[in-house]
Amino acid sequence: MAEKKSSSESKSQPQASGAKSVDYDFSAHERPFFEAWKDAGYFQRGEGFGKHKDDSYTIVIPPPNITGVLHMGHALNDTIQDACIRRARMQGYQTRWILGTDHAGIATQTKVDKHLAEQGINRREIGREKFIEACQEWREEYGTTIVNQIAAMGCSCDYADEKFTMSPEFSKAVRMVFTDWYHAGIIYRGKRIVNWCPSCTTAIADDEAEYQDEHGHLWYLRYPLKEPVDGRDYITVATTRPETMLGDTGVAVSPQDERYADLVGKTVILPLVNREIPIFSDFYVDKEFGTGFVKVTPAHDPNDFAMGERHGLEKINIFDETAHVVDGFGKFSGMDRDEAREAVVAAFDELGLLDHVEDLDHSVMHCYRCHSTLEPWLSEQWFVAVDALKEDALKVVEEDKITFYPPRWKSVYLDWLHNLKDWCISRQLWWGHRIPMYYCDACGWQDASVEPIATCPTCGHATRQDEDVLDTWFSSQLWPFATQGWSEAGNEAPDIKRYYPTEVLSTARDIMGLWVARMVMASMYCTGEIPFEKVIIHPTVMGADGKPMSKSRGNGVDPVQLMKDYGADGMRFGLLMQVTGAQAMRFDYQKIESSRNFANKIRNAARFVLMHLDGYIPGAPEPTTPADRWIFSRLAHLVAQVDTAFDAFEFGEVTRLLYSFFWNEFCDWYIEFSKSRLANEDDPADKLACQRNLLFVLETALRLLHPIMPFITEEIYQEMPDKNGGPWLIGAPWPDADALRAYIDNDAERSIDLVCEVVSAIRSARSRYGVSPREALNVFVQADAQDVVLLEAQSGLITSLGNTADLVIAEEVSRPAQSIVSLGSGIEVYTDLAGKVDFEAEAARLEKEKAKLAADCQKLEKKLSNEGFLAKAAPEIIAKDRARLADLQDKLERIERQQEELGF
RNA sequence: GGUCGGAUGGCGCAGCGGGAGCGCAGGUGCCUUACAAGCACAAGGUCGGGGGUUCAAAUCCCUCUCCGACCACCA
């Protein structure tokens, strides 16, 4: 990396103005460090060290689809995981971040279909085997894209051991679980109404259906009675889907509906098809809605299906798999569902049976993949009976064996499981895990099997395997353990023994049920253990307009472009800055930009430290001055606070702590304090101490920043003279809050706070009167005896930062006539501005300040004279308020004295 | 219909029982030898409305208004 070091400085792009800025060209800097970490083996199973040596810390990445490209959701989620795993690695845990991709059944099949169609190839023409080959080829060509993008982010996953949900190891696990559950009666086959996508020609699960409100109509259709009842010769049903009447096998009324009680048991002649169907009563019907008559189509509506089951109705399927009307329906046969709707309505109209039409907004199910309108369709499918699985999954969360961050997601999880219905797992696709069911058509034998069964064990005939594949989530639910050798040795697999259960799972809220809950169910059943201890539900990244990012809205942001523009570090820090407990975060370029600026600030601060190392001799840091003790104390607080925030996964808080320490304390003050010491060649011992302390604080800060900004911190670390944390920062020990606690020093903090106050007072005076910072000023500071001692000891800092000529610090100073005053807590700072003071303006300023002080005083006095407060408030609160009041009163008195002296 | 989240300076957000903060924008002055992607100094808020609990409420409770999410869903 040595050659990188020199180039980084020469690479600075000169500004048009000729300013000496040092810009940082991210893209050129990041990749080499990534390769170096990889080559040094940090991405693979970590050995661990220190007190956590024997503890594992594993994360499984939510496997991105092989069809996917990195989007903002990944960028955020992968940053969170990398921050966690990098910190754990530095803390000495045995870390492992398992990387892999998901075969993504429907998504991939759709993409490959489209890809083939462009070449004029139809899936059905080339057949199943050839199509799967095409999918494999597609995966090899495009499936690496997202992994490369994850690498560009700097994610420290185990790239050498990449997993795939259709690898031989994984496929075996899928077959094992299917077979096991089949034999346990958890998986069963049934003819049910499922959500059918006529475009993907497959069933999808209930969770995969998306509801959208649409403008529609309610058609009122007349169905003639076979025999008139009390002069009535027809009834009227209301429907949003008139075309399904072709499959009607009954008409239902509410049992409470006395209007039609005498019609129950009568028969209706279904128009167009002339089918005789019964009128019956069923509790499902709401007599208030529509006409009170419900047409019942058991094959095309789940509620009608249930009614059909209850009343033994025939289930007539009128659609084929592409939602075209099947043969046997005359002119309607062959029409698609929309044509059929129009034709049916027209036919009713022609026959005078169309009563009337109303507008109705209703929600319609759409395929989450292709967004086609879903068709409730009767078909043979495989299901998972969830009741047997959900008990344990509920229990471990109810008992907090698994913790959610933020905690409110716990109830979302529990609610989802409580309402869970059986899960349709069969998909009529080619790309996916083929269901390991084997059938003998000769003797009717059938069984599930992990290994293929070619001939029937009963009669010896050739078997055939089920044509369907499994829902992608069926394999995804096995991800935390099937990636760790479970299919070879179960719980005895070395990785399972060492790295399972995993530590944290980080994901978006939208797959809480689809994935998170199912992983828990599967893991509890298959391994008897929870799959992870903590679940982070991060906010959803929205567009700048607060709406979900989408192509049609044009509010999307490409993380790859962000990394180009702001660097991976800038993007990572900027994203984490926005992570709060909220359910959504509005993407904010300004945060990314300020993070990029922060990265630049870090680079420049490091440059300052590293360019002032002449005469440096390695050695232990030692805080010798109050400034040293102050920054060490601040650092000790910082580490403890960062630990607390990190442990609670409060990433926004972590970034804020790091940002303000590094920028507002280390750069704004400590580095400024150091300048005079570094320039003073007369005291080489102090200069050396200063160098060592600068290096120590910088290095500690780099370690704290590294999990979030891995590249720039590593780059700087490589340029440092001592590598106290080992050859690479990625493997350096995480700062130990307990060890640093000894540096906490309240006296030093008070001392430097005073210095800052005086310096700020001088700067403020300058600014108000337009006095250049280069013009040295006479300054008189009045303080109590104790503070005089503290300030006297630091007068050098005040002189250099405030640029003072004469600096007098005493318990009583005589104020120069042409000076202005600034009142601090317990101190008064007089800045001599010979001839420049606008006394009227000063008087106005003092008056304003006085008014504010007086108001604050009054509030506090009232509070402190309140007996209830004195009796019930915590003693330390009372003491604090008393001290505050004393300070305010003191200030008020002094301000009044100032006014007198000024003669106002 | 059910559940949950949000409303804080111009914008985006943090804070969630005891002195209103951050980033960005805007203002003034600075090429101060690490950094103009910067430095310094100012300015800006009765914390959505109403009620309650408390010695004390931006923070807890109730209610209203307005946004947002998820679940369920009527033919």
Side-chain angles (χ1 to χ4, degrees), chain A residues 15 17-24 207 211 218 237-241 244 252 284-286 288-297 301 303-304 360 362-363 406 408-409 411-412 415-416 419 509-510 512-513 540 542 544 546-548 566 570 574 577-578 580-591 593-612 650 652-653 655-656 659-660 667-668 671-672 675 679 759-760 763-768 770-774 803 856 859-860 863 866-874 876-878 880-881 884 888:
Chain A
Q15 300 283 301
S17 63
K20 306 156 292 274
S21 85
V22 177
D23 287 357
Y24 176 53
D207 320 273
Y211 283 89
L218 197 56
V237 298
T239 179
T240 54
R241 301 208 50 199
T244 62
Y284 167 75
V285 180
D286 171 7
E288 304 302 328
F289 190 90
T291 61
F293 289 105
V294 179
K295 61 187 276 307
V296 180
T297 323
D301 182 282
N303 295 312
D304 291 7
L360 180 77
H362 60 135
S363 61
R408 71 188 135 88
W409 295 106
S411 61
V412 177
D415 289 349
W416 189 87
N419 297 327
R509 61 188 151 86
D510 55 343
M512 169 73 87
T540 307
M542 300 295 187
K547 300 264 165 51
Y566 300 98
M577 258 177 126
Q578 298 170 75
T580 66
Q583 65 185 6
M585 55 184 252
R586 203 176 281 225
F587 180 81
D588 187 358
Y589 268 108
Q590 290 166 344
K591 284 279 189 334
E593 209 171 306
S594 84
S595 299
R596 186 257 332 248
N597 295 353
F598 182 47
N600 197 41
K601 189 76 179 176
I602 296 168
R603 160 118 220 113
N604 281 303
R607 221 169 71 96
F608 173 85
V609 174
L610 297 173
M611 71 170 43
H612 289 92
E650 288 167 356
E653 181 67 10
T655 57
R656 255 169 263 124
Y659 187 99
S660 66
C667 291
D668 287 352
I671 284 184
E672 294 304 321
K675 285 179 177 172
V759 170
S760 292
R763 285 172 175 169
S764 176
R766 272 182 206 287
S767 185
R768 262 181 288 136
V771 178
S772 162
R774 273 169 303 182
N803 190 16
D856 287 350
K859 246 195 315 198
L860 264 182
K863 190 173 174 187
N866 182 331
E867 280 175 32
F869 175 69
L870 296 172
K872 294 186 181 176
E876 62 269 24
I877 297 294
I878 298 172
K880 202 174 143 196
D881 280 345
R884 231 182 91 220
L888 289 174

*Using a 4.0 Å heavy-atom cut-off across all strands, classify D286(A) as base, sugar-phosphate, or nothing.*
base
*Return no unless some side-chain N or O of K591(A) is found under 4.0 Å from OP1 or OP2 of rC22(B).*
no
*Give A874(A) one of three labels, base, sugar-phosphate or nothing, depending on what nucleic acid heavy atoms sit under 4.0 Å from its own.*
base
*For M611(A), answer base if it contacts any base atom (sugar-phosphate contacts may also be present), sugar-phosphate if it contacts only those atoms, and nothing otherwise; contact means non-hydrogen atoms under 4.0 Å.*
sugar-phosphate
*Given rC30(B), is OP1 or OP2 found less than 4.0 Å from the side-chain N or O atoms of S772(A)?*
no
_So if I take every side-chain heavy atom of Q583(A) and compare against rG5(B), rA37(B), rA40(B), which nucleotide ends up nearest?_
rG5(B)
*Closest to the R408(A) side chain, choosing from rG18(B), rU54(B), rG5(B)*: rG5(B)
*So what's rC70(B) paired with, Watson-Crick or G-U wobble, going by both distances under 3.5 Å?*
rG2(B)
*Give a yes/no answer on whether the side chain of N419(A) brings an N or O atom under 4.0 Å of OP1 or OP2 in rA72(B).*
no
*asked:* Rounding to an integer number of Å, can you tell me how far I877(A) CD1 sits from rA56(B) P?
replied: 15 Å
_Any N303(A) side-chain N or O less than 4.0 Å from OP1/OP2 of rC74(B)_ = yes
*So does Y659(A) get a side-chain nitrogen or oxygen closer than 4.0 Å to the phosphate oxygens (OP1/OP2) of rC22(B)?*
no
*Describe the nucleic acid contact of S363(A) in one word from base, sugar-phosphate, nothing, applying a heavy-atom distance below 4.0 Å.*
base
*Mind checking V412(A) for me? I need base, sugar-phosphate or nothing, with any heavy atom below 4.0 Å counting as a touch.*
nothing
*Nearest-Å distance, CZ (R509(A)) to P (rC70(B))?*
6 Å
*Side-chain touch D881(A)/F869(A), heavy atoms, less than 4.5 angstrom*: yes
*Which part of the nucleic acid, if any, lies within contact of E876(A), taking any heavy atom under 4.0 Å across all strands shown: a base, the sugar-phosphate backbone alone, or nothing?*
nothing
*Can you say whether the rings of F587(A) and Y589(A) are parallel (under 30°), tilted (30 to 60°) or perpendicular (over 60°)?*
perpendicular
*Round to a whole Å and report the spacing from CG of D856(A) to P of rA20(B).*
8 Å
*Pairwise side-chain contact, M585(A) with T580(A), heavy-atom cut-off 4.5 Å (strictly under)*: no
*Got E653(A) and R656(A) here, is their nearest side-chain heavy-atom distance under 4.5 Å?*
yes
_When you measure only distances, ignoring hydrogens and angles, does the side chain of R596(A) come within 3.5 Å of the base of rA37(B) through a donor and an acceptor?_
yes
*Donor-acceptor under 3.5 Å (S767(A) side chain, R763(A) main chain)*: no
*Could you state the CZ-P distance from R241(A) to rC73(B), rounded to the nearest angstrom?*
16 Å
*Could you give the distance separating rU28(B) and rA69(B) at their P atoms, to the nearest angstrom?*
41 Å
*Searching all strands shown, indicate the nucleotide that pairs with rA40(B) (Watson-Crick or G-U wobble; both distances under 3.5 Å).*
rU28(B)
*Does K675(A) place a side-chain N or O at less than 4.0 Å from the phosphate oxygens OP1/OP2 of rA34(B)?*
yes
*Ignoring hydrogens and angles, tell me if any N or O in the side chain of Q578(A) forms a donor-acceptor pair with the backbone of D588(A) under 3.5 Å.*
yes
*Could you give the distance separating rG10(B) and rC64(B) at their P atoms, to the nearest angstrom?*
29 Å
*asked:* Among rG19(B), rA14(B), rG68(B), which nucleotide has an atom closest to any side-chain atom of A582(A)?
replied: rA14(B)
*Assign Y211(A) to base, sugar-phosphate, or nothing according to its heavy-atom contacts below 4.0 angstrom with the strands shown.*
base
_Pair assignment for rA7(B), Watson-Crick or G-U wobble, requiring both distances under 3.5 Å_ = rU65(B)
_Integer-rounded Å distance: rA69(B) C1' and D415(A) CG_ = 14 Å
*Specify the separation, in whole Å, of atom NZ of K601(A) and atom C1' of rC22(B).*
17 Å
_Looking at rU33(B), which nucleotide sits across from it as a Watson-Crick or G-U wobble partner, both distances under 3.5 angstrom, or is there none?_
none
_Determine whether a donor-acceptor pair (one donor, one acceptor, N or O, separation below 3.5 Å) exists between the side chain of Q578(A) and the base of rA14(B)._
no
*Using a heavy-atom cut-off of under 4.0 Å over every strand shown, decide if I671(A) touches base, sugar-phosphate, or nothing.*
base
*Is K859(A) touching bases, backbone alone, or none of the nucleic acid, heavy atoms closer than 4.0 Å?*
nothing
*Touch check for D510(A), heavy atoms < 4.0 angstrom, all strands: base, sugar-phosphate only, or nothing?*
nothing
*Who does rU59(B) pair with, Watson-Crick or G-U, both distances under 3.5 Å?*
none
*In terms of the nearest nucleotide of RNA chain B, which residue is placed more toward the 5' end: W416(A) or Y284(A)?*
W416(A)
_Pairwise C1' distance, rA43(B) and rG26(B) [rounded to whole Å]_ = 10 Å
*Span that lies between the P atom of rC61(B) and that of rU54(B), in whole angstrom*: 15 Å
_Nearest to the side chain of T239(A), heavy atoms from C-beta on, is which of rC41(B), rA75(B), rA34(B)?_
rA75(B)
*Please state how far atom OH in Y589(A) lies from atom C1' in rA25(B), giving the value in whole angstrom units.*
18 Å
_Non-hydrogen atoms of A584(A) and R509(A) that approach each other most closely_ = CB-NH2, 4.5 Å
*Watson-Crick/G-U partner (both atom distances under 3.5 Å) of rG19(B)*: none
*asked:* Suppose you measure atom P in rC31(B) against the same atom in rA36(B); what distance do you get, rounded to whole Å?
replied: 13 Å
_Could you tell me how far rA20(B) sits from rC30(B) if I compare only their P atoms? Round to whole Å._
35 Å
*Which one, rC24(B), rG19(B), rA14(B), comes nearest to the side chain of R656(A)?*
rA14(B)
*Is any side-chain heavy atom of D301(A) closer than 4.5 Å to a side-chain heavy atom of R241(A)?*
no
*What nucleotide, of rC24(B), rA75(B), rC31(B), holds the atom closest to the side chain of R774(A)?*
rC31(B)
*For residues A605(A) and C667(A), report the shortest heavy-atom separation together with the two atoms involved.*
CB-SG, 3.7 Å
*For rC24(B) versus rG19(B), give the span between their C1' atoms, rounded off to a whole number of Å.*
26 Å
*Checking only heavy atoms, does the side chain of R586(A) share a donor-acceptor pair with the base of rG12(B) at less than 3.5 Å?*
no
*For L218(A) and for M585(A), find the nucleotide of RNA chain B with the closest heavy atom, then tell me which residue's nucleotide is more 5'.*
M585(A)
*From rA40(B), rC55(B), rA69(B), nucleotide with atom closest to R763(A) side chain*: rA40(B)
*Check for a donor-acceptor pair, side chain of S764(A) on one end and backbone N or O of S760(A) on the other, with a separation under 3.5 Å.*
no
_Nucleotide nearest H612(A) when distance is taken to its side chain, options rA34(B), rG19(B), rG18(B)_ = rA34(B)
*asked:* Heavy atoms only, 4.0 Å cut-off, all strands: where does S760(A) land among base, sugar-phosphate and nothing?
replied: sugar-phosphate
_Pairwise P distance for rG9(B) and rG44(B), with rounding to whole Å_ = 15 Å
_Side-chain-base donor-acceptor pair under 3.5 Å for T580(A) and rC13(B)_ = no
*A605(A) near the nucleic acid: base, sugar-phosphate alone, or nothing, with a heavy-atom cut-off under 4.0 Å?*
base
